[in-house]
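Side chains are part of it too, since the values below use all heavy atoms of this structure and drop only hydrogens, waters and symmetry mates.
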Amino acid sequence: RSSDLDRGVVDMFAQNTTYSREVITQRALEFVLKLNQQDFDNKANSKYAPLSQCSGLSKQQTFLKILSLDLPADYRSFYYLYNRNGTMVFEVSYKGMLLLAERAGFNCDCELVYEGDEFEIKQSSQGDYYSLKRKNVFEHGKIVGAFVSSEYEGKCKIYTYTFTELETSRKKSKAADSPAWRDFAADMYKKCALRKALNIILSKTDVVLARQIMEDDSEPEVQSTKTAELDVDDKQAKFEELKNQFGVTVDVEQEEVSE
């Protein structure tokens, strides 16, 4: 598997991104180990298409997307990888979306609303406010909807979704009838709502996210001498160039389980 991201590819990334060669090499090793582990974990699954069979170009493009977003390749499953007809497909998970939102300064939470609950929203120029009163905490009725609260710089924005909207997302997902939906439906509906809200939040904060990804002093391992040589506008332009060239997308309807 050393050919997945060989020395020439690492050098190419070092020349065309703001990351040092050492950082890229470390991230490349983590990436290859993740591919190997996923293939090993699914070797008994006859329906699984191995990532090792994906084209070299799609692997390189996927790695650049992950590098650009600075998503760790660990057990927290911040993203999913698939082999789709020989092409590696990359999707940011809801956990990854939460991480990107938090890096940009957003604090998000989600709650379901059940039949019999008293839920109210008040809107003002200072932000949204909500109140939720449950008649029975331990025996819920039917789910009637969900809301996501997103706080940013002291202001709160509330996103609401009806049960019909959540159910439509479930039906459109590739895992609509999975064991997770059967056994943990409440959690999965919350994930649907979070995905929808986070997709809106992240789509409106490209500039904030781009700067945060490339300037985050709290993660020194992603810093490099090349980064230091660029000003804010140059770094933002470079990120946008790479992002537009290789494409970074978030699939709000894809519901996968990483429990």
Side-chain angles (χ1 to χ4, degrees), residues 69-71 76 78-79 91-173 176 180-181 184-216 218 232 236 239-240 243 248-256:
L69 291 176
D70 189 22
L71 292 175
R76 289 171 291 181
F78 289 121
Y79 58 86
E91 290 178 3
V92 181
S93 69
Y94 88 101
K95 292 179 183 178
M97 295 171 75
L98 278 174
L99 177 64
L100 295 176
E102 289 172 2
R103 285 179 179 171
F106 291 85
N107 184 20
C108 301
D109 192 21
C110 179
E111 290 289 343
L112 296 176
V113 179
Y114 296 88
E115 220 171 33
D117 290 350
E118 296 180 10
F119 174 64
E120 292 184 352
I121 296 179
K122 296 181 180 179
Q123 296 178 316
S124 73
S125 59
Q126 299 303 312
D128 299 343
Y129 301 86
Y130 74 88
S131 63
L132 175 63
K133 182 178 180 180
R134 300 196 191 280
K135 292 184 178 180
N136 193 327
V137 176
F138 301 106
E139 293 184 6
H140 302 305
K142 294 181 179 180
I143 298 173
V144 297
F147 69 93
V148 175
S149 60
S150 173
E151 186 176 343
Y152 179 69
E153 294 185 345
K155 290 187 177 181
C156 184
K157 173 67 177 176
I158 307 296
Y159 301 86
T160 61
Y161 303 98
T162 66
F163 178 76
T164 299
E165 291 176 291
L166 300 179
E167 181 65 4
T168 297
S169 292
R170 183 191 72 81
K171 291 178 178 178
K172 288 184 177 180
S173 74
W181 275 107
F184 306 101
D187 289 339
M188 296 300 286
Y189 281 122
K190 290 175 83 171
K191 290 180 182 181
C192 278
L194 271 171
R195 279 184 177 277
K196 288 179 174 294
L198 288 171
N199 187 62
I200 296 173
I201 293 169
L202 296 180
S203 70
K204 295 180 179 180
T205 56
D206 279 347
V207 173
V208 177
L209 285 174
R211 290 181 178 178
Q212 184 72 11
I213 288 168
M214 291 179 287
E215 296 177 18
D216 191 354
S218 66
V232 171
Q236 180 183 331
F239 179 87
E240 292 298 333
K243 179 180 165 189
V248 177
T249 61
V250 177
D251 184 350
V252 297
E253 304 298 348
Q254 177 66 35
E255 293 295 338
E256 296 290 341

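Between Ser149 and Tyr130 the shortest side-chain heavy-atom distance falls below 4.5 Å. Looking at Lys191 and Leu194, their side chains never come closer than 4.5 Å, going by heavy atoms from C-beta outward. Inter-residue side-chain proximity for Ile200 and Tyr159 is flagged as met; some heavy-atom pair is nearer than 4.5 Å. In this structure, the side chains of Ser173 and Trp181 come closer than 4.5 Å at one or more pairs of heavy atoms. With a 4.5 Å cut-off on side-chain heavy atoms, Ser169 and Lys196 count as touching. Using a 4.5 Å heavy-atom cutoff, the side chains of Asp109 and Glu111 are in contact. Under the 4.5 Å side-chain criterion, counting only non-hydrogen atoms from C-beta, Lys157 is not in contact with Glu151.
Here the closest heavy-atom approach between residue Met97 and residue Asn199 is recorded as CE-N, 3.5 Å. Closest heavy-atom contact between Gln126 and Lys155: O-CG, 3.5 Å. Pairing each heavy atom of Tyr129 with each of Ser124, the nearest pair is CE1-OG, 3.6 Å. Between Leu98 and Cys108, the shortest heavy-atom distance links the atoms CD2-CB, 4.0 Å. Taking every heavy atom of both residues into account, Tyr114 and Ala186 meet most closely at OH-CB, 4.2 Å. Considering every non-hydrogen atom in both Gln123 and Asp128, the closest pair reads CG-OD1, 3.4 Å.
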Salt bridge (charged side-chain N to carboxylate O under 4.0 Å, His left out) between Arg103 and Asp70, intermediate numbers included: CA-CA 11 Å; Arg103 285 179 179 171; Asp70 189 22; 3.7 Å; yes
From CA spacing to verdict: side chain to side chain contact (heavy atoms under 4.5 Å, CB included), Glu120, Lys133: CA-CA 9 Å; Glu120 292 184 352; Lys133 182 178 180 180; over 6 Å; no
Step-by-step side chain to side chain contact (heavy atoms under 4.5 Å, CB included) determination, Ile158 to Val148: CA-CA 6 Å; Ile158 307 296; Val148 175; over 6 Å; no
Test side chain to side chain contact (heavy atoms under 4.5 Å, CB included) applied to Ser150 and Phe106, step by step: CA-CA 6 Å; Ser150 173; Phe106 291 85; 3.3 Å; yes
Intermediate values then yes/no, side chain to side chain contact (heavy atoms under 4.5 Å, CB included), Lys171 and Thr168: CA-CA 5 Å; Lys171 291 178 178 178; Thr168 297; 5.9 Å; no
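With sequence neighbours excluded, the residues forming a side chain to side chain donor-acceptor pair (under 3.5 Å) with Glu167 are Arg170, Tyr189, listed by chain and number. With sequence neighbours left out, the salt bridge (charged side-chain N to carboxylate O under 4.0 Å, His left out) criterion links Asp117 to Arg134. Checked against side chain to side chain donor-acceptor pair (under 3.5 Å), Thr162 has the following partners two or more places apart in sequence or in another chain: Glu165.
One distance of note links NZ of Lys95 with CG of Leu198; it measures 14.0 Å at 0.5 Å rounding. One distance of note links CG of Leu100 with CZ of Phe78; it measures 9.0 Å at 0.5 Å rounding.
If you look at Phe119 and Phe147, their ring centroids are closer than 6.0 Å.
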